[in-house]
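Each remark here refers to the structure printed beneath this line.
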Amino acid sequence: VQLQASGGGLVQAGGSLRLSCAASGRTVTTYTTGWFRQAPGKEREFVAAFRAVNGNTYYADSVKGRFTVSRDNAKNTVYLQMNSLKPEDTAVYFCAAGSSRMIASTLRTAGPYDYWGQGTLVTVSS
């Protein structure tokens with residue numbers, strides 16, 4: 001599967017953005033999909049995931065209540081709705097896909113994801 005992330009940009013603190021991750025080659029419903037981000041000088045970190053086997057969603061504590069991950073099967077696209085953005089959310093955001101049966105305890109790590117899209121830059125100004 002090929003993944004194409006888009007939707008990044010510059011937004012003021014408190015604003016919103018919606019990132020899209022369009023899948024091609026295979027249907028996105030067959031994968032667990034995740035969002036990760038990497039800020040300058042920092043390691044890549046987990047943001048959110050949509051687990052295919054049961055439809056459950058998972059979030060990093062830092063974004064819980066502000067970000068929402070969803071999937072549009074008809075468009076073969078996964079979304080990350082980001083509200084109440086903070087300057088510390090500034091990063092390059094990546095979407096990724098892995099096994100539909102990915103174990104819940106591992107989906108917060110990058111290793112189990114087999115496919116990655118290019119990043120999209122989100123900049124939140126204070």
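Index from 1, following the sequence.
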Residue from Leu19, Thr68, Val47 passing side chain to side chain contact (heavy atoms under 4.5 Å, CB included) with Met82 | Leu19
Whether Asp114 side chain and Gly98 backbone form a donor-acceptor pair below 3.5 Å | no
Side chain to side chain donor-acceptor pair (under 3.5 Å) between Asp72 and Thr77: does it pass, once the steps are laid out?
-> CA-CA 5 Å; Asp72 186 329; Thr77 299; over 6 Å; no
State the CE-OG1 distance between Met102 and Thr109, to the nearest 0.5 angstrom.
-> 8.0 Å
Treat each ILVMFWY residue as a node, draw an edge where side-chain heavy atoms are under 4.5 Å apart, and state whether Val78 and Tyr59 are in one component.
-> yes
Across all chains, not counting sequence neighbours, the side-chain contact (heavy atoms from CB on, under 4.5 Å) partners of Ala97 are Val1, Leu3, Tyr31, Thr33, Tyr115
Taking the side chain from Gln4 and the backbone from Gly117, do they hold a donor-acceptor pair closer than 3.5 Å?
-> no
Find out whether the Lys NZ or Arg CZ of Arg18 is both under 6.0 angstrom from the six-membered ring centre of Tyr79 and within 45° of the ring's axis.
-> yes
Can any side-chain N or O of Asn73 pair as donor or acceptor with the backbone N or O of Thr27 at less than 3.5 Å?
-> no
Considering all heavy atoms, the nearest Leu80-Ala48 contact = CD1-CB, 4.1 Å
So, Asn83 versus Ser16: side-chain donor-acceptor pair below 3.5 Å or not?
-> yes
With sequence neighbours left out, which residue pairs that include part of residues 10-77 fulfil the disulfide (SG to SG under 2.5 Å) condition?
-> Cys21-Cys95
Verdict with reasoning, Arg51 to Tyr58, per side chain to side chain contact (heavy atoms under 4.5 Å, CB included) | CA-CA 8 Å; Arg51 190 162 176 245; Tyr58 303 80; 3.5 Å; yes
Run the ring-centre check on Tyr113 versus Phe36 and record whether the distance is less than 6.0 Å.
-> yes
Using 30° and 60° as the class limits, which term best fits the ring planes of Phe94 and Trp116: parallel, tilted or perpendicular?
-> perpendicular
Measure across Ser99 and Thr32 and return the closest heavy-atom pair with its distance rounded to 0.1 Å.
-> O-OG1, 3.0 Å
Would you tabulate the side-chain donor-acceptor contacts of residues 84-92 under 3.5 Å, counting partners in other chains and residues two or more places apart, or write 'none'?
residue : atom : partner : partner atom : Å
Asp89   : OD1  : Arg37   : NH1          : 2.9
Asp89   : OD1  : Arg66   : NH2          : 3.0
Asp89   : OD2  : Arg66   : NH1          : 2.7
Asp89   : OD2  : Arg66   : NH2          : 3.4
Asp89   : OD2  : Lys86   : N            : 2.8
Thr90   : OG1  : Pro87   : O            : 2.9
Thr90   : OG1  : Val124  : N            : 2.9
Thr90   : OG1  : Val124  : O            : 3.4

Any side-chain heavy-atom pair of Thr123 and Val11 under 4.5 Å = no
Out of curiosity, Arg101 CZ to Asn54 CG, how far, rounded to the nearest 0.5 Å?
-> 12.0 Å
How long is the gap from CG on Leu107 to CZ on Phe50, to the nearest 0.5 Å?
-> 12.0 Å
Distance (rounded to the nearest 0.5 Å) between Phe46 CZ and Arg108 CZ | 5.0 Å
Check the surroundings of atom CD1 in Ile103: do more than 12 heavy atoms from other residues, nucleotides or ligands lie under 6.0 Å from it?
-> no
